[in-house]
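Chain identifiers are assigned alphabetically (A, B, ...) following the order of the sequence lines, protein sequences preceding nucleic acid strands; residue numbering begins at 1 within each chain.
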Number of protein chains: 2
Amino acid sequence: MTTLTKSQIKRKALVEATIELVNNSGFHAAPMSKIAKMANVSPATIYLYFENKQDLVNKVYIEVKAAFTEYAFATYDPKMDVEKGFEIIWKRIADFKLKECEEAMFLAQCDNTPIIDEPSRQEGIKHLQPLLDLWERGRKEGRIKPLSDYILYAYAINPLSFLMIMQKRGAFQLDEDHLEEAYQSAWSSIKK
Amino acid sequence: MTTLTKSQIKRKALVEATIELVNNSGFHAAPMSKIAKMANVSPATIYLYFENKQDLVNKVYIEVKAAFTEYAFATYDPKMDVEKGFEIIWKRIADFKLKECEEAMFLAQCDNTPIIDEPSRQEGIKHLQPLLDLWERGRKEGRIKPLSDYILYAYAINPLSFLMIMQKRGAFQLDEDHLEEAYQSAWSSIKK
DNA sequence: TAAAAAAGAATGAACGTTCATTTTTTGTCT
DNA sequence: AGACAAAAAATGAACGTTCATTCTTTTTTA
């Protein structure tokens with residue numbers, strides 16, 4: 001249990017308010033004044049923690065992405081068998097997307113729009129390296145199809161984002177059975 | 001060759017300017033004044049064709065989605081064999097996403113953010129019915145896995161959006177070989 | 001009590017939208 | 001066909017609002 005200083009609490013409130021407002025209204029309808037109000041803070045206070053609105057969104061993106069990948073790889077060990085490693089990572093990602101739904105929605109929005117600047121996007125990608133390493137090993141061992149990382153990601157990981165968004169919009173319910181089906185689809189699309 | 005009236009030309013210019021600006025800058029950084037300038041039109045003129053900015057974006061979304069699905073199903077015939085039908089549709093969709101890249105980017109952005117209102121989103125979904133019908137038939141004939149439409153879409157169709165965006169960002173090149181690999185992944189993830 | 005943090009009010013710029021005019025098109029009459 | 005008037009389309013400037021950001025003052029912390 002890490003106790004937060006008052007400063008850290010305020011900053012966290014700002015980050016959460018940003019995520020919620022951008023998720024529900026979009027960047028264009030998430031003014032600093034509303035973010036401040038939602039975080040119970042004066043608009044001016046935001047500028048003690050962030051340079052400007054762009055900086056705020058960039059930093060929220062990078063931090064959420066870091067939290068996402070940390071969660072994704074928390075129970076993974078590079079010494080694991082390729083198939084087992086992939087299953088572990090995939091299921092942790094699924095977990096995150098369903099449980100930390102707000103954060104995941106925010107990432108999806110950033111990944112599909114120009115609201116994040118290019119350096120922040122690059123910074124966010126870095127953290128995926130363990131997965132790319134796993135795939136590289138899998139290809140070398142002949143256990144994973146010799147496809148580019150982008151195609152593997154498109155078929156094995158990204159579908160979860162689509163399902164999470166549909167779930168968030170109430171279009172359908174992603175239960176345990178669905179999740180297992182989805183995992184099987186994911187694995188069968190990359191396994192040799 | 002359908003000849004357009006002056007009105008239709010102006011409206012078309014507005015639609016294209018909207019797509020380009022929203023793609024490159026995001027909704028929040030696509031002011032009416034810029035859209036007007038890019039379409040060589042006065043800001044006031046936009047309001048002769050659209051009620052307001054929200055209406056403009058909604059209508060652009062619906063029209064682009066309609067063009068997308070019309071293209072997707074243009075060479076498809078419901079009497080086709082399930083596998084052939086899927087291949088035809090999938091490849092047309094891939095074609096569209098790579099050739100009409102701007103339009104496809106715009107759709108991806110709308111589908112992953114709250115910039116479109118709910119009725120317009122529903123309207124856009126309707127046009128996908130032929131694909132859902134094909135899948136329903138495929139399930140009945142035992143040729144397609146008994147998965148929900150959302151999961152089928154997530155694994156068979158949506159990955160193309162991710163690949164298209166990566167391609168647009170210059171991250172990698174989606175050539176003929178990649179495309180065939182992607183198609184095989186798509187089909188193998190839904191076939192029984 | 002000095003310094004740091006936070007606040008609310010203020011500021012100028014930029015936005016979406018409207019208004020008063022001008023320009024273009026259309027239809028009619030010669 | 002050409003002249004003209006009514007209607008429609010289009011315009012640039014202007015409006016009120018809202019925004020991101022800053023400034024000055026107050027509150028909290030050390």
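Once rounded to the nearest 0.5 Å, the distance linking CD of Gln184(A) with OG of Ser189(B) reads 12.5 Å.
We find that CG of Leu48(A) is positioned 7 Å from C1' of dA6(C), with the value rounded to whole Å. Taking atom CZ on Phe50(B) and atom P on dT18(C), their separation rounds to 16 Å, with Å as the unit. The distance between atom NZ of Lys37(B) and atom P of dT11(D), rounded to the nearest whole Å, is 13 Å.
Contact annotation for Tyr49(B): backbone-only contact, meaning every heavy-atom pair under 4.0 Å involves sugar-phosphate atoms and none involves a base.
Proximity of residues 52-59 of chain A to DNA chain D (heavy atom under 4.0 angstrom from any strand atom) is restricted to Asn52(A), Lys53(A). A heavy atom closer than 4.0 Å to some atom of DNA chain D occurs in no member of residues 16-23 of chain B.
What you find for Phe27(B) and Lys53(B) is that their closest heavy atoms are O-NZ, 3.2 Å.
Classification of Glu70(A) and Arg92(A) as a salt-bridged pair fails, no side-chain N sitting under 4.0 Å from a carboxylate O. Under a 4.0 Å N-O distance rule, the pair Lys59(B)/Glu63(B) does not qualify as a salt bridge. Here Asp111(A) does not pair with Arg169(B) in a salt bridge; the nearest charged N to carboxylate O distance is not below 4.0 Å.
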Measure all distances between protein nitrogen or oxygen atoms and nitrogen or oxygen atoms of nucleotides 12-17 of chain D, and list the pairs falling under 3.5 Å.
residue, atom, partner, partner atom, Å
dG12(D), N7, Ser42(B), OG, 2.9

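The neighbour count for Glu176(B) CD, taken as heavy atoms of other residues, nucleotides or ligands under 6.0 Å away, does not exceed 12.
A close approach under 4.0 Å does occur between a side-chain nitrogen or oxygen of Lys10(B) and OP1 or OP2 of dA10(D).
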